[in-house]
Structures are given as structure tokens and as C-alpha cells.
Amino acid sequence: MALTPARTMPGVLELLPLDQIAFQRMLDTIRRNYERFGFLPVETPAIEFADVLLTKTGGETERQVYFVQSTGALEQGEKPDLALRFDLTVPLARYVAEHERDLSFPFRRYQMQRVYRGERAQRGRFREFYQCDIDVIGKDSLSIRYDAELPAVIYSVFRELAIGPFTIQLNNRKLMRGYFESLGVADPEQQMLVLREVDKLDKRGAGHVRDTLTGEGFGLSPAAVEKILAFVQVRSSSLQDAYDKLDALGAGPEALEQGRAELKEVLGLIHAFGVPETHYALNLSIARGLDYYTGTVYETTLNEHPQIGSICSGGRYENLAGQYTRSHLPGVGISIGLSRLYWQLREAGLVATAQSTVDVLVTQMDEAQLPAYLALAGELRAAGIATEVVLEGGKLGKQFKYADRAGIRFAVVLGEDELAKGVVTVKDLRRGDQFEVVRAELVKTLRVELEQAAAMG
RNA sequence: GUGGACGUAGCUCAGCUGGUAGAGUCCCGGAUUGUGAUUCCGGUCGUCGUGGGUUCGAGUCCCAUCGUUCACCCCA
């Protein structure tokens, strides 16, 4: 009989248990911080009605959507009317519109679920991946102050994730559009194309961008292009520096002035939220997905690993749910693409395989003593220590090997010798040493050991 | 969707100008009966991606096909 190859489709992140534990620790940390800032949990179905997902977008996004259809409908040749969500923002819009009367505003929600995109396989790009989003949605209006709160959450999350120094970079789309307008690029469509081009600055270099913008298709004057390039190269080194650089842009159209005022307020408030000046900065090249962002935009990067790119991004959108409701629902949100982040951190050697969630393995020396082993395990579990008991026996060496490979750090041995002396042997598989402890002291001792192990990492 | 590269054991790969497959690793077992990860010994594993062609003979040449991967597009 021919075997079916055991394989997954490309672009999915499937992990071995110890890596899965490391991944889930990150999820836990993110969730803990989101909740700490007062965000409420929401989950939405992976499958939505296709027309709900595809109303606003179309074009590029539609090409990446997975359509879903029941076998019955498929056999009848019907067009699929269901699809897998490709982000969490569109479902949020639908959610808020649908439950508007039952929610309290400003509505602060967090959501950590998998989304699906029909991408061509590529390094670090997934077809199924986790997004960890927070958004604040206002009814009729939403204070700009919320734009400053999100960086505070980001700061809290990444500080606790302990993946090295990072910088939250900010820009404002009104400021960009206003500046481009002052250079004669007034058409929003063209502004968008210019921004998209400018977004490639880091990747392609200034020369390439200059050539493209002055070349046909754009046809901007060399003088205007130089101004644009100078604009997008603005970075701040401190809060005061950010203020100064914004002022140095000079007077401009309404949009520019508005963007500048917003940025200044947000930058100042972020500081008041307790984010150190070293961890956020003005970066006028940040453009982001321009389809729905209207004001503040964010990107966060790791200072020591710029090649990883943005590990968290988001921004302000004026009208989130316009496709679903006549209510005006402005919002601001950010998203951490955790699958990609985890994958890249692992590539860069910044996250290690975790230890097992099992703290202790109770070995089996003598089958007749099984009740004693089970009682011992029960005692440990009651004390909150995750414990596994070897039920199949076998050589002790094998049992240690099992523990080691499974990432279980401590093995407990209770054999003839120990029983006679009223003690238990505890072996630390990681350090490679072992010691005896009187039976009654076991829980206390293990607690100390586990605490130390956790502290040492 | 556009363009390029590559397809040999689970994994990483070797196989020179064509003569019916190899290494390392992994996994399993053993090295006197209560000690893993190191060492030593032994073992399992492949219709050389698939189909066709050239040839006395193809992993090795040609064509097709499928798959994987990189870049673009776009994005987390």
C-alpha cells in the first residue's frame, strides 16, 4: 500500500513541543500586557462571509484570500460565499458594527488569532500566522491621546519579551500628504504611489528611489525629489530633537500643520506614559498600508537586528466600519505578527528552545512501588509542581534519557536505597548533578530548585 | 500574478568526462544487572520528484510535468 506523504502545505509554522512552549510563552507575555493595559478579549471566527471580508478592499487583497466552500456546494458548482480572514482588523470592523449597541465605547479589544493569506511561499512569510492585535474604537470621535497609549503598550510588551533594544518609530500620514501637496503632488493616488516608493528607501537605497521618482511614471522634478528624500530621511534622537525637526519643516498646507500638531502631541504624551526617549522616535519614512491609515502610523524595529524589519505596526484610521454601518467609528490599533516574529527571532538565535512545561519526572525503579510513586507525584502536583510519572518502567538510563530529550530538568528517584534511608534522590539533568533530600523536604527543595532554574533562565 | 534557481535516505549533502547508489547526522539496540546528553560497536531507512526520449546501459544527457525555493508585487 502506498503511503501518503506526511507533510504540511508550505507557509505554515508547525513546531515541536519545546519550541511550541517557547512560542506560547511569548503569546502569554503579550496577552498579559494587553490585559494589564485594560484591553478586552475578543475572538472571531476564522471563516467569514466572503462579501464581509471583501467589501472595502479588493484588488491585491482579494488575490490573497482563501475562499471556503462546503463539499456539497462545490459539487453543485456554486461560487464560494465564505472565506478565511486575512487579518483581524476587518473582522473587528464587522464585529463592532454588528454589536455596536452592546459595546461600550471607547471599545478596547485585544485579539490573538491566526489569519490566512494565499501568499507565494517565501522566507519568513506565512500563509497561516498569528496576529496579536489591540485596537481602540471610538464612537463618533476618538481622542488623539489613544494614539499615544498604544506605544506605551508596545513598550511594555517588548520590554518583557526581552528580545533586545527596540525603537517604536512614528510618523503621521497627514504630515506626509501635506508635505507632498506643498511640492505639487496633490493627487491622493499619486501621493500613495510616492509613499509606496519611498517606503523602499531602506531596501533599495536613495539612488534607486530618486531614479524612479524622476523617471517616467512619476515625472517629478529633481528639486522636488530631493526635498522628498530629505523629508523621509528625518529621524529624531530625542523628544526635543523630534520637536525641532518637525518645526524645521517650515509652514505648509492645512494637512501638514494638522499632522505636525498631532505628532507633537502624541510624541509628548508617549513620554508622559512612561516610555523612555530611547525607545521611540520620529521617522518620516514610515508609510505603512495606506489604504485605511489616516493619521499616526507606527513601526517597531529591533535596534540590533534591523534586517528583521518591523516587528509590530499599526496606525490610526478615521472610519473603520464604514462598509457596515452609518455610524462613524474612528480607531487606532497595532498588530504584532507573532509567527513571523518568532520565526525570525529563532533564525537570529534570539529565542532558544524552551524547557518542558513538565517540571519533574518521577522515575520508576521498582514496579511494586508504583503506588508510592503515584502518591509522591500527587504530592508534588498539589504543590503546583508539574509532574509526570514513568508508568512503563524500563532501565533507569532510558528514563533519564527520556527526561532529557523531553526537556524535563529534574528527575526524582525513589528506589530501594532511598526507601531504606527515608530520602529521595533528585537529579538535575541540566547541570548533571544529583543530591538526596529527606522525603518530607522534597516539595520545599524542588520549589527552591525550580525557582532558581526559572531565574537563571 | 511575473521572473530565476533547484529537486539523491527523516535531515545536511557526495556521486569526476553516462556503467544498475554512498557519507555524516538522526532514530533503534548493545558495551555485567540503579544514571541521560560525550565515547565505542551494531542495525533500520532510498522504485536517485514523476512521465517520456536518446543509449547496449542514465542519478548522471534531452523534453515535459509536478514540487520546492529565491526575487518582484504586497505585506505581519
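Below, chain A is the first sequence line, B the second, and so on; all start at residue 1. Just so you know, these numbers come straight off a predicted model, no measurement behind them. Every heavy atom of this structure was used, including side-chain atoms; hydrogens, water molecules and symmetry mates were not.
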Can a donor-acceptor pair under 3.5 Å be found between the side-chain atoms of [X] and the base atoms of [N]?
| X | N | result |
| --- | --- | --- |
| A/Arg125 | B/C74 | yes |
| A/Arg340 | B/C75 | yes |
| A/Arg117 | B/A76 | yes |
| A/Gln364 | B/G34 | no |
| A/Gln434 | B/U35 | yes |

When rounded to the nearest Å, what value does the distance between [atom1] atoms of [N] and [M] take?
| N | M | atom1 | value |
| --- | --- | --- | --- |
| B/C48 | B/G19 | C1' | 16 Å |
| B/U25 | B/G57 | P | 39 Å |
| B/G46 | B/A21 | P | 13 Å |
| B/A14 | B/G7 | C1' | 16 Å |
| B/U12 | B/G49 | P | 15 Å |

The side chain of [X] lies closest to which of these nucleotides: [options]?
| X | options | result |
| --- | --- | --- |
| A/Asp417 | B/G36, B/C28, B/G34 | B/G34 |
| A/Glu416 | B/C74, B/G34, B/A76 | B/G34 |
| A/Lys401 | B/C73, B/C28, B/U68 | B/C28 |
| A/Lys395 | B/U68, B/A37, B/A31 | B/A31 |
| A/Lys427 | B/U35, B/G34, B/A76 | B/U35 |

Could you let me know what B/C75 is paired to, Watson-Crick or G-U wobble, both distances under 3.5 Å, or none if it's on its own? none

Over all strands shown, is A/Gly432 touching base, sugar-phosphate only, or nothing at heavy-atom distances under 4.0 angstrom?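 Contact class for A/Gly432: base.
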
Classify the ring geometry between [X] and [Y] as parallel (under 30°), tilted (30 to 60°) or perpendicular (over 60°).
| X | Y | result |
| --- | --- | --- |
| A/Tyr155 | A/His279 | perpendicular |
| A/Phe107 | A/Tyr95 | parallel |
| A/Tyr110 | A/Tyr34 | tilted |

Check whether the aromatic ring of A/Phe126 stacks on the base of B/A76, taking stacking as ring centres less than 5.5 Å apart and planes within 30° of each other. no

Starting at the 5' end of RNA chain B, which residue's closest nucleotide do you reach first, A/Ile311 or A/Leu396? A/Leu396

Please tell me which of A/Met9 and A/Cys312 maps to the more 5' nucleotide of RNA chain B, matching each residue to the nucleotide holding its nearest heavy atom. A/Met9

